[in-house]
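Working notes, beginning with the structure itself.
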Amino acid sequence: MATETPRQLTPADIDLSDLRFWTRPLHERAEAFAVLRAQPKPVFLVLPKLPFLPQSPGSWALTHHAEVTEASRHPEVFSSEPSATSPADMPRWMDKYFNSMIDMDDPRHAKIRRIVSRAFTPKMLAKAEDDIARRAARIVDELIEAGGGDFVSQCAARLPVEVICDMLGIPVQHHRRVVEWTNIIVGYSDPEYVGAAFEYGAGGPKIGKLATIRMLGTIASAGWRLHRLAFKLGRERRKTPTGDLTSALVNANVDGERLSPREFAAFFLLLVVAGNETTRNAIAHGLKLFTEHPDQRALLLEDFDGRIGGAIEEIVRYSSPVIFMRRNLTRDYEMNGHTYRKGERVTLFYWSANRDEAVFTDPDRFDILRSPNPHVGFGGPGPHFCLGANLARREITVMFRELFTRLPDIAAGEPDRLMSGFINGYKRLPCTFTPPAARPRTPA
């Protein structure tokens, strides 16, 4: 009996604006983006209408590495204003919580980045190295005592949130809540975090008015709580600086420029979200990848110090924790044979650019020795390249050194993935390992 030939995937089968697409297995997602990259013209995304929100005009999907890097290099054309992180415009009243430097162009963006970049110099990061190592050791101590469990909550999420909270001077009693609030902000499309879900029928995705109110209220509440914490810490550090990052930021004066309380609060929110979520997902994805690719784990353990740098870049490329950013056209612009019009929007799909066959040989292969590796996992080149990239690299290095030195056979199970087209995240990831010989607990 003849077997039926599988039907080839076509662009008509792919809807990047449908949240169900982002729940597909990762290999199916990779196949879909390969189909889109093979098309002569970009695909246009039509977003569903949401109650109480401005109707989005939709967006062109940039799926090629060359497109993403070109748009990133020309912020005067591909603007981050009014929003870079949301496919649709949010209500104006939410701007006061979420309109940070990531959603700004120069000169506003340059002013804030000039002030805050002083906190992320190599000298400042070197000072944090010993503290990061101590925290990682204590976290692994406690993971061993627990005998395994959820790697995300017990390990991957803890190191970056503890580090960034300590840098900002956020008291320990607030750390757990900071994680909860940032989960809501980046998990704005996951029903577990916002208490609302889309319904799918013949007319496409829909969400009711009450569900939308619940979703917006939950997100706004998380933003308000982080702003309130920022205002409180900012007031205290203006009066009594303590040497932490909050003290440096609220008292900084660069060429006569200072951060206003609102600018500081917006950056504070961005810092705790970006400094927590993206690094934690890179660590979680890394453990999963090394579990699925034991040959790559063996390569790393043969020469950890010599290969961890390349391993981190490959983890970030392969997993692309941030899937996209949005840009807004300030004028007509031709790129890759297509003319984008003033007022239109584009979505820079980092996840797709990092699998572009024109740039990466065998892009679906996880290879820690890959060189060169010009990924855009920390954002494309230009003024919006991730300010905390070097901090993230240090945290990932320290965590995997601690894990693989003490638990060389630690393995990840099947993840519970975040329902999101924005963050490629794991909500939970079970882990197992052979308990090592007992040793004295690392002091806090």
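All residue numbers refer to positions in the sequence shown, counting from 1.
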Give the intermediate values and the outcome of salt bridge (charged side-chain N to carboxylate O under 4.0 Å, His left out) for residues Asp106 and Lys111. CA-CA 8 Å; Asp106 292 344; Lys111 168 196 169 182; over 6 Å; no
In short, Glu395 meets Pro160 closest at the heavy-atom pair OE1-CB, 3.6 Å
Subject >> Pairing of Glu313 and Arg370 as salt bridge, 4.0 angstrom limit >> reply: no
Parallel, tilted or perpendicular: which describes the rings of Tyr340 and Phe78, with under 30° parallel and over 60° perpendicular?
perpendicular
### Task
Describe, in one word, how the ring planes of Phe366 and Tyr318 are oriented to each other, choosing from parallel (under 30°), tilted (30 to 60°) and perpendicular (over 60°).
perpendicular
Q. Is a side-chain donor-acceptor pair under 3.5 Å present for Ser17 with Asp15?
A. yes
Notebook entry, point to check: Is it true that the side chains of Ser79 and Asp105 contain a donor and an acceptor less than 3.5 Å apart?
Noted result: yes
(Q) I'd like to know if Asp130 pairs up with Arg134 as an ion pair, taking the criterion as any Lys NZ or Arg NE/NH1/NH2 lying under 4.0 Å from an Asp or Glu carboxylate oxygen. (A) no
When rounded to the nearest 0.5 Å, the distance separating CZ of Arg280 from CD1 of Ile423 is 10.0 Å
Taking the basic N atoms (NZ, or NE/NH1/NH2) and the acidic carboxylate oxygens, is any pair closer than 4.0 Å for Asp332 and Arg341?
yes
Specify whether Phe33 and Phe349 have parallel, tilted or perpendicular ring planes, treating 30° as the upper limit for parallel and 60° as the lower limit for perpendicular.
-> tilted
- In terms of ring plane angle, is the pair His384 and His109 parallel, tilted or perpendicular, where the classes change at 30° and 60°? tilted
With distance as the sole criterion, is a donor-acceptor pair present between the side chains of Ser320 and Asn424 under 3.5 Å? no
Okay, side chain of Glu402, backbone of Ala133: is any donor-acceptor separation there less than 3.5 Å? no
Between Arg158 and the options Arg135, Arg138, Met399, the side-chain contact (heavy atoms from CB on, under 4.5 Å) test singles out Arg138
